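Because the structure is predicted, anything quoted here is derived from the model rather than measured. To find a chain, count down the sequence lines: A is the first, B the second, and so on, and within it residues start at 1. FYI, side chains are in, hydrogens and waters are out, and symmetry mates aren't considered; it's all heavy atoms of this structure.
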Amino acid sequence: MSETSWGLWGSWDETASLLGKQVGQVTGPDPVEQGSIRRWLEPKEFAADIHTDVNAALAAGYNDIVAPASMVFTYGIAAYWRPGDKPASIDDVPTQIQIPVIFDVPAPCDKSFATSIEVEFFEPLYPGDVVTCTSKLVDIKPKQLKVGEGAFLRQEDTFTKQTGEVVAISYLDIFRFVATKVASD
Amino acid sequence: MSAAHSLSIADVVIGDELPSIEIPITLQRLVMEAGANRDFSLMHHDVGVAQTTGAPDAFANTYFLMGMFERLMRDWAGPKARIRKIGPLRMLIFNAVGDTVRFRGVVESLDNNTCTVSLAMWVDSERGQTVTANAVIELAG
């Protein structure tokens with residue numbers, strides 16, 4: 001499974017120098033609100049009243065309409081464009097959601113793909129909440145795989161709301177590598 | 001789901017299967033999904049870019065898969081359940097335009113003291129098993 005991209009080039013020493021450090025922080029541009037929740041539910045054909053009906057949410061023990069737990073990622077994503085920015089084309093490095101261990105952590109690698117993600121949820125998200133995502137590089141594991149030589153980089157993302165409460169903590173594993181050259185006769 | 005019943009820990013036994021969800025992956029659904037979850041990586045809505053990554057067509061992104069697993073759990077457990085953890089979630093095969101995918105899950109273990117249930121979940125399609133994920137959900141009591 002590949003989500004290829006170039007990533008930030010540098011030495012393994014530069015990669016190691018960032019281990020345990022913050023490598024990114026983004027505050028989502030939009031607060032939690034009912035319209036974005038409805039649009040998120042729609043393509044999944046997801047019908048749960050706690051996300052759309054305040055009375056149903058109160059009856060289930062929430063303080064208000066509650067955002068789906070996994071929407072925390074969406075509310076922690078930066079805006080993509082500013083007025084006047086050039087649209088992406090096929091020859092560009094793909095515009096992706098922020099993944100600092102690819103785009104902000106140097107490594108001598110020109111390919112990468114995500115292998116695994118896990119997320120633990122804590123405080124619920126309610127209308128008006130604003131999410132900040134703080135990313136750390138928490139592990140580097142050199143590895144030779146069939147596709148090439150490189151390392152697994154683990155990104156810890158801590159999602160907090162404006163009160164400082166932790167909403168979720170996720171771990172994303174990315175394999176960054178240089179593709180193995182196929183020998184030719 | 002209206003005035004839905006919420007499962008309690010006493011309702012659940014190891015091996016219980018969650019009612020599966022079958023959903024076709026269409027380009028319209030992926031475009032709606034990208035707009036809603038804000039993952040605008042090109043391979044999830046542009047067939048040309050998707051094919052440069054080895055995929056047969058535009059393919060579903062991680063946040064769609066996460067959200068569908070959340071729906072699978074919510075449909076089963078009801079409004080009072082609290083989703084505590086999803087993952088590790090591993091993507092094995094592309095879920096691409098034209099595929100019909102099924103989200104499925106089974107109860108692996110339960111803890112009566114904390115009212116939590118551990119689930120093994122997966123996605124399958126004509127291509128085989130495409131995604132696996134574990135999860136922990138806290139039931140109403």
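- A cation-pi geometry, defined here as NZ or CZ lying under 6.0 Å from the six-membered ring centre and within 45° of its normal, does not hold between Arg38(B) and Phe73(A).
- Under the 4.0 Å criterion applied to side-chain N and carboxylate O atoms, Glu118(A) and Arg90(B) are not assigned as salt-bridge partners.
- If you measure heavy-atom distances from Phe69(B) to chain A, you find no contacts under 4.5 Å at all.
- A heavy-atom distance below 4.5 Å is found between the side chains of Met66(B) and Val119(A).
- Heavy atoms of Ala81(B) lying under 4.5 Å from chain A belong exclusively to its backbone.
- Salt bridge absent: Glu70(B) and Lys44(A) never bring a charged side-chain N and a carboxylate O closer than 4.0 Å.
- In this structure, Ser70(A) OG and Arg71(B) CZ are separated by 13.0 Å, a value rounded to the nearest 0.5 Å.
- Chain A forms more heavy-atom pairs under 4.5 Å with one residue of Thr26(B), Asn37(B), Val31(B) than with any other, namely Asn37(B).
- For Thr160(A), the side chain to side chain donor-acceptor pair (under 3.5 Å) criterion is met by no residue, not counting sequence neighbours.
- Contact detail for Tyr62(A) and Pro79(B): the closest heavy-atom pair is CE1-O, 4.0 Å.
- Contacts with chain A were tallied for Asn134(B), Ile21(B), Ile23(B), Thr132(B); Ile23(B) has the most, counting heavy-atom pairs under 4.5 Å.
- Using a 4.5 Å heavy-atom cutoff, the side chains of Phe40(B) and Ile77(A) are not in contact.
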